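Predicted, not measured: the structure shown is a model, and the values here were computed from it. Each residue takes its place number in the sequence, starting with 1. These values consider heavy atoms only, across backbone and side chains, with no hydrogens, waters or symmetry-generated copies.
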Amino acid sequence: MINRQNLTAKAVIILTALAFLYSCARGPETSSTDRVKTTFQTSQPWRPIIDTRADAVMVYGAGKSLEEDGPKGNSAVENRIRSWKERGYRVDFMTGIAWGGYADYFTGKWDGKPHLDEGQRQADGDTIWHGKMVPYIVPSMNYLEYFKETQVKRVIDAGVEALYFEEPEFWNRGGYSEAFKREWQDYYHEPWRPQDESPEATYLSNKLKYHLYYRALDEVTSFAKEYGKAKGLDIKCYVPTHSLVNYSRWEIVSPEASLASMPGIDGYIAQVWTGTSRSPNTFGGVTRERTFETAYLEYTCMASMTEPTGRRVWFLTDPIEDGTRDWEDYRKNYHATFAAQLLQGEIADYEIMPWPERIYGKLYPKSAGSQEMIRIPQDYATMMQVMTGSLGDIPISKDKVSGSQGISVLMGNSMMFQRFPVHEGYDDPEMGDFFGMAMPLLKRGIPVGITHIENVGHEKALKDVSVLVMTYSNMKPMDPQAHSHIAGWVKDGGRLIYCGRDTDPFQSVMEWWNTEGNEWKTPSDHLFSLMGIEAGAPEGEYSFGNGSVKIIRQDPKEFTKAPGAEGVLMDAVAQMYSKSGEKLLTKNSLRLSRGPYEIVCVMDESTSDEPLVLEGKLIDLFDPELPVQTRRIINPGEQGYFYDIEKAPRAPAILACAGRAYETVKKGRSYSWLTKGPAETECATRILLPRKPVSVLVDGAETIDPALWDEVGKTYLLRHPNNPDGVRVRVSW
């Protein structure tokens, strides 16, 4: 044991630095959440085929009690935690807060009273189920006490210091259970009203759902931190959640942006994947899947939600999805979502996959229309592991995505309030009132941002925005303060484009703009009044201070209905953007450099059908063969992910690996390391060397193959079976 009091200050600094470097070199054996760059979730104990070699693992669900499970069982969370710790992982805990294995609560085993009336229910009386005896929950205070005792307290006692409370979700079509009726009475101090009764009842019902899960997370995170503090622990709490784009699209209510300011929340996991991003939307009169574009907007939404508050966010991708598709479909859409997340250069922390037991162990169709069901193809597994392995290395980017910067779309939590049911015939099934503003910009190669109305009071929220596009056809401001901040931004030189007829049925719900002495017909009238613009102002351009406002009297969904219908919006954006002294740049691609990594996307339905041509010494990280290419063509509808050898560190160096390398040692004319990876998969490694190798030893056996040397990039491609216990490699030249 070192006595720090006997050390000089300089020695303490040196020892601290060495300890940090040692902990980094050990890979998954990490002691602090702040050092966790990659993680994954699983309900399983450690198994050789799911050892992903991320920095941490989130063990999912508490499961059985130790008494039920037995001392050697693996269903109890304590045993699963132990199994992963024994393999050197930092272990965190994740569980659903709106659903989960909580049958003992609903059957009455916990407190002697059944609570099935606390499931979310539809108008027809049917409970909305997530699984057998797993209803979506109306989070009563009694349920939250159960949750604290049986989930939070238990895992903190088991030694977990980071907790992830997943998916605070209340379905729009819910709101008819007895538990919800009781919560309505307590919150509004009036009898419950069915949400299909009127636009106002819908709005109030969804506002209450929003409040209930805000309260739920506030309760459990506060408890977790206080309970941990009493045990001398600094407990961190995170919320894995879909994006506001997706929850609105899928007609679900969740607190979303408001959580970014909750004291007990330390950050998020952005749950974006093929399943969320393939939801169809309409552009140019065509309704279809646009996985890359939708994923890009979802990740942008999550990044912008947290950036002004300084909270941490991990990005999730999934190599498959919840729905059963074929492996080629999974691969194509995985590339799209993966590239979309990497184009958010300010985020460099990742959940590399959910449920590896499903990815590596479950059977899916080999190809479209095939009846043959197979486990993950070896080439897909290798490619996936190269991609996820790179996430542990990829840095935050100092560069910006190519294209005109500073154009943003405003959105807010109340988007979720107006989705279901339909009133007075105002329908927007594909969320055209959002995509009608965002998609025309993105399709023209403009890296459109998203600004959350809940965050406009933060100094950073509008700092880099030069043109803000907004509407109140799909959302409403939840307090008047946001308008003061927006008006102040315009006065200081901002340029606002407001799109909307302001005739949707939610304009007249009883809210702050028309109650307690306020008599504004619509919320936009209040915003305009702060900028000297008359109520119900017609189309046109208006000046305010150093800025200007452009009003377009069309709802954004009208921009989606036919080819070219978005022209009126794009003309306004170009006009307003030019006031900054710059011309709006349009193109069909997005590109970003992140250290040696290059991420590109070429979009279809764009300004041209021209491909993007890349030149250099590039390792294709979407190809399991890891080829070195000097010229690569990316066609419309495709994405690319490359390692630029010319930006690589000095040789020798591992540039890409379908495993994780430890104990790297350079000695004379040799380079050695230990590779670990999931069992039953193949490791491909592209190594940069000073010159052509003369020996390649894998676990002591000579495997050199001169054909695997690439003279152009001075790299060698090594292949061998993965092993979670490690494979020793030594290359000599």
Side-chain angles (χ1 to χ4, degrees), residues 27 37-38 53-54 315 317 319 331 334-345 347-350 352 379-399 401-402 589-602 612-634 638-661 664 671 673 675 677 682-690 692-693 708-719 729 731:
K37 194 174 187 303
T38 57
R53 307 317 299 166
F315 279 172
T317 50
R331 188 188 307 246
Y334 184 41
H335 286 173
T337 55
F338 199 89
Q341 75 169 351
L342 294 183
L343 286 170
Q344 310 295 326
I347 305 299
D349 298 328
Y350 302 95
I352 62 173
D379 66 331
Y380 192 179
T382 297
M383 179 202 71
M384 175 187 70
Q385 289 159 199
V386 167
M387 292 162 61
T388 58
S390 72
L391 297 178
D393 178 60
I394 196 166
I396 289 174
S397 178
K398 297 178 181 178
D399 298 324
V401 178
S402 60
S589 64
L590 297 173
R591 183 174 179 178
L592 178 65
S593 299
R594 301 183 62 164
Y597 296 95
E598 293 287 327
I599 305 99
V600 296
C601 171
V602 180
L612 180 67
V613 179
L614 303 178
E615 295 182 342
K617 299 176 183 177
L618 306 170
I619 303 171
D620 189 344
L621 300 178
F622 279 171
D623 187 329
E625 298 297 324
L626 296 177
V628 177
Q629 301 169 329
T630 56
R631 191 172 188 268
R632 182 71 158 81
I633 296 174
I634 309 295
E638 294 179 347
Q639 305 81 37
Y641 183 36
F642 304 94
Y643 191 104
D644 187 346
I645 296 174
E646 293 179 345
K647 297 180 181 178
R650 186 176 179 180
I654 296 171
L655 306 186
C657 182
R660 188 162 181 174
T664 56
Y671 186 51
W673 66 91
T675 298
E682 185 176 56
C683 182
T685 307
R686 179 67 72 175
I687 314 117
L688 180 67
L689 296 170
K692 190 173 182 178
L708 297 177
W709 171 252
D710 173 70
E711 183 63 29
V712 173
K714 304 295 183 184
T715 63
Y716 184 83
L717 178 64
L718 174 65
R719 288 186 173 277
V729 179
V731 180

| 4.5 Å side-chain heavy-atom contact, Phe338 and Ile599 | no
| message | Could you work out, with salt bridge (Lys or Arg N to Asp or Glu O under 4.0 Å) as the rule, every residue matching Lys714, not counting sequence neighbours? | response | Glu711
| remark: Correct closest heavy-atom pair for Ile347 and Phe315 would be CG1-CZ, 3.6 Å
| Can you name the residues that form a salt bridge (Lys or Arg N to Asp or Glu O under 4.0 Å) with Asp349, not counting sequence neighbours? | Arg312
| Considering only heavy atoms from C-beta outward, does the side chain of Val731 approach that of Trp673 to under 4.5 Å? | yes
| request: State, to 0.1 Å, how close Tyr334 and Met383 come at their nearest heavy-atom pair, and which atoms those are. | output: CD2-CE, 4.2 Å
| Roughly how far, to the nearest 0.5 Å, is CZ of Arg591 from CG of Asp399? | 10.5 Å
| field | Which atom of Pro395 lies closest to which atom of Gly595, heavy atoms considered | value | CG-N, 3.9 Å
| remark: For Thr685, the side-chain hydrogen bond (donor to acceptor under 3.5 Å, both in side chains) test, sequence neighbours excluded, returns none
| said: I'd like to check the side chain to side chain contact (heavy atoms under 4.5 Å, CB included) partners of Ala684; sequence neighbours left out, ordered by chain and number. | reply: Thr382, Leu626, Leu717, Arg719
| said: Run the salt bridge (Lys or Arg N to Asp or Glu O under 4.0 Å) test against Asp620 and tell me which residues pass, sequence neighbours left out. | reply: Arg632
| Minimum side-chain heavy-atom gap Arg686-Glu625 below 4.5 Å | no
| Sub-4.5 Å side-chain heavy-atom contact between Lys617 and Val712 | yes
Give every donor-acceptor pair under 3.5 Å between a side-chain atom in residues 640-654 and any protein atom, sequence neighbours left out.
unit_1: Tyr641; atom_1: OH; unit_2: Ser390; atom_2: OG; d: 2.7
unit_1: Asp644; atom_1: OD1; unit_2: Glu646; atom_2: N; d: 3.0
unit_1: Lys647; atom_1: NZ; unit_2: Glu598; atom_2: OE2; d: 3.1

| Rounded distance [0.5 Å steps], CG in Leu718 versus CG in Leu708 | 8.5 Å
| said: Contact between Phe622 and Gln639 at the side-chain level, heavy atoms closer than 4.5 Å - yes or no? | reply: yes
| request: Could you pull out all residues at least two apart from Asp623 that satisfy side-chain hydrogen bond (donor to acceptor under 3.5 Å, both in side chains)? | output: none
| query | Asp379: what forms a salt bridge (Lys or Arg N to Asp or Glu O under 4.0 Å) with it, not counting sequence neighbours? | reply | Arg331
| CD on Glu615 to CZ on Arg631, rounded to 0.5 Å | 6.0 Å
| task | Would you give the length of the straight line joining atom OH of Tyr350 to atom CD1 of Ile394, rounded to the nearest 0.5 angstrom? | result | 5.0 Å
| task | Would you check if Glu638 and Val602 make a side-chain contact, meaning some heavy-atom pair closer than 4.5 Å? | result | no
| note | Interatomic distance, CG@Leu621 vs CE@Met387, rounded to 0.5 Å, equals 8.5 Å
| field | Tyr380 side chain vs Pro319 backbone, donor-acceptor pair below 3.5 Å | value | yes
| request: Spell out, as yes or no, whether a donor-acceptor pair under 3.5 Å connects the side chain of Arg53 to the backbone of Gly677. | output: no
| note | Looking only at heavy atoms, the pair that brings Ser397 and Ser593 closest together is OG-O, 2.8 Å
| message | Once side chain to side chain contact (heavy atoms under 4.5 Å, CB included) is applied, do any residues pair with Ile396, and if so which ones, sequence neighbours excluded? | response | Ala348
| said: If the condition is side-chain hydrogen bond (donor to acceptor under 3.5 Å, both in side chains), which residues does Gln385 pass it with, not counting sequence neighbours? | reply: Tyr360, Thr681
| note | Only one of Asp393, Val628, Leu688 passes side-chain contact (heavy atoms from CB on, under 4.5 Å) with Leu655, and that residue is Leu688
| task | Not counting sequence neighbours, which residues clear side-chain hydrogen bond (donor to acceptor under 3.5 Å, both in side chains) with Asp710? List them please. | result | none
| query | Given the rule in the side-chain contact (heavy atoms from CB on, under 4.5 Å) test, do Ser589 and Val600 qualify, once you have shown the distances and angles that lead to the verdict? | reply | CA-CA 7 Å; Ser589 64; Val600 296; over 6 Å; no
| What pairs meet the salt bridge (Lys or Arg N to Asp or Glu O under 4.0 Å) rule with one or both residues in residues 380-392, with sequence neighbours excluded? | none
| Inter-residue atom distance Leu391.CG - Leu342.CG, 0.5 Å rounding | 6.5 Å
